[in-house]
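Nothing here was measured: the structure is a model prediction, and the numbers come from that model. Both ligands and their constituent atoms are indexed starting at 1 by order of listing.
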Amino acid sequence: MKIMSFAAARPRYDGHTDIVTRLFSQGYCVVEDAVGQGDLAALRRDLEPLFEQTQRSVGPFYGDATKRFHGLLRRSRHMETFVLQHDILRAVETVLGNHCDSIQLNLTQAIEILPGGEMQPPHRDQDMWPLRTPGVEYLVNVMWPFTPYSADNGATVIWPGSHRRQDEIVIDESEAIPIEMAPGSALLFLGSTLHAGGANRTRAPRRGMIVSYSLGWLKPYELPWLAYPPEVVSALPRELAELAGYRAHRPNLGTHEGRCPSYLLSGERADLGAIDALLPEQEELIALYRTGALAPSNSHAAP
Ligand SMILES: O=C(O)CCC(=O)C(=O)O
Ligand SMILES: [Fe+2]
């Protein structure tokens with residue numbers, strides 16, 4: 001079977017640093033057997049009825065032969081295994097961690113490409129945000145297939161190395177490859193990597209989900225506090241709650257009543273007043289200012 005030979009030709013990854021190396025070198029990386037088949041089956045069982053119920057997407061980007069639904073942490077308790085997959089999460093933190101205080105979930109999105117669905121317009125997901133800072137990745141996506149992904153059924157199409165060619169809005173399709181993989185594997189790709197959902201030329205739907213992580217100070221695609229109100233989040237493990245917005249991003253971003261929103265999970269009163277969430281170096285700078293040691297610069301003074 002083609003997908004097996006393709007997978008067999010692919011070297012196995014060796015821990016999170018190997019994932020990071022491959023991400024930066026190619027713009028993407030496939031992690032084989034990232035979760036067990038039991039976890040996968042359990043998640044698929046929970047999401048199956050939602051694929052059936054969900055209406056087709058509308059719009060030229062989503063494509064009208066696709067279905068998408070979100071907020072997956074509240075739809076299945078098995079999401080934890082995927083979102084917190086150890087090596088993948090460490091790799092994502094390594095890519096994004098130097099440019100923010102903490103990372104966040106940008107979205108969780110189940111995607112079905114129906115038979116007859118055409119290829120999505122090629123795009124880079126970090127173009128959602130209007131500024132580009134050379135050398136800074138804003139986002140890492142993790143695509144988890146629920147059905148085998150093949151060139152024929154709409155496997156995600158990736159342009160290897162396109163993260164180094166960000167001035168090229170589109171690149172010839174001859175340079176693109178469909179990422180064939182089996183359920184249980186995961187495809188990671190950078191926010192700067194050109195990609196698209198593929199065309200489904202088979203008679204069966206292609207199903208999977210994207211778990212997307214971004215710098216913690218960006219406006220996420222999916223509003224986490226609406227997707228996961230406190231009564232939903234209080235049932236989640238702490239690390240998942242933090243990724244879903246229940247952690248202030250220092251300094252003082254993403255707060256509620258001037259506090260880190262995690263107070264909402266511990267039953268604390270809301271009327272206790274604001275508490276700064278600052279980085280240690282910011283606290284030191286303020287202390288230094290108070291001592292008078294921070295003299296104003298004279299560089300702009302008139303001669
Ligand atoms: O479905 C896929 O394979 C990719 C979808 C995608 O890239 C997107 O919707 O941004
Ligand atoms: Fe995308």
Q. Is there a side-chain contact (heavy atoms from CB on, under 4.5 Å) between Glu168 and Trp159 once you walk through the steps?
A. CA-CA 11 Å; Glu168 298 171 62; Trp159 276 258; over 6 Å; no
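- A salt bridge is defined here as a Lys NZ or Arg NE, NH1 or NH2 lying under 4.0 Å from an Asp or Glu carboxylate O, and Glu52 with Arg207 meets this definition.
- Annotation: side chain to side chain contact (heavy atoms under 4.5 Å, CB included) contacts of His99 (sequence neighbours excluded): Val136, Leu215.
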Give every pair made of an N or O atom of ligand 1 and a protein N or O atom lying under 3.5 Å apart, one pair per line with both atom names and the distance to 0.1 Å, or write 'none'.
| unit_1 | atom_1 | unit_2 | atom_2 | d |
| --- | --- | --- | --- | --- |
| ligand 1 | 1 (O) | Arg206 | NH1 | 3.4 |
| ligand 1 | 1 (O) | Arg206 | NH2 | 2.8 |
| ligand 1 | 3 (O) | Thr156 | OG1 | 2.7 |
| ligand 1 | 3 (O) | Arg206 | NH1 | 2.8 |
| ligand 1 | 7 (O) | Gln120 | OE1 | 3.4 |
| ligand 1 | 7 (O) | His123 | NE2 | 3.2 |
| ligand 1 | 7 (O) | His195 | NE2 | 2.9 |
| ligand 1 | 9 (O) | Arg68 | NH1 | 2.8 |
| ligand 1 | 9 (O) | Gln120 | NE2 | 3.1 |
| ligand 1 | 10 (O) | His123 | NE2 | 3.0 |
| ligand 1 | 10 (O) | Asp125 | OD1 | 3.4 |

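- Ion pairing between Glu93 and Arg90 holds under the 4.0 Å rule for side-chain N and carboxylate O.
- Rounding to 10 degrees, one finds that the Fe ion (ligand 2) sits at the corner of an angle of 100° between Asp125 OD1 and His195 NE2.
- Taking a cutoff of 4.0 Å between a charged side-chain nitrogen and a carboxylate oxygen, Arg238 and Glu242 qualify as a salt bridge.
- Residues His70 and Tyr221 place their aromatic rings such that the two centres sit under 6.0 Å apart.
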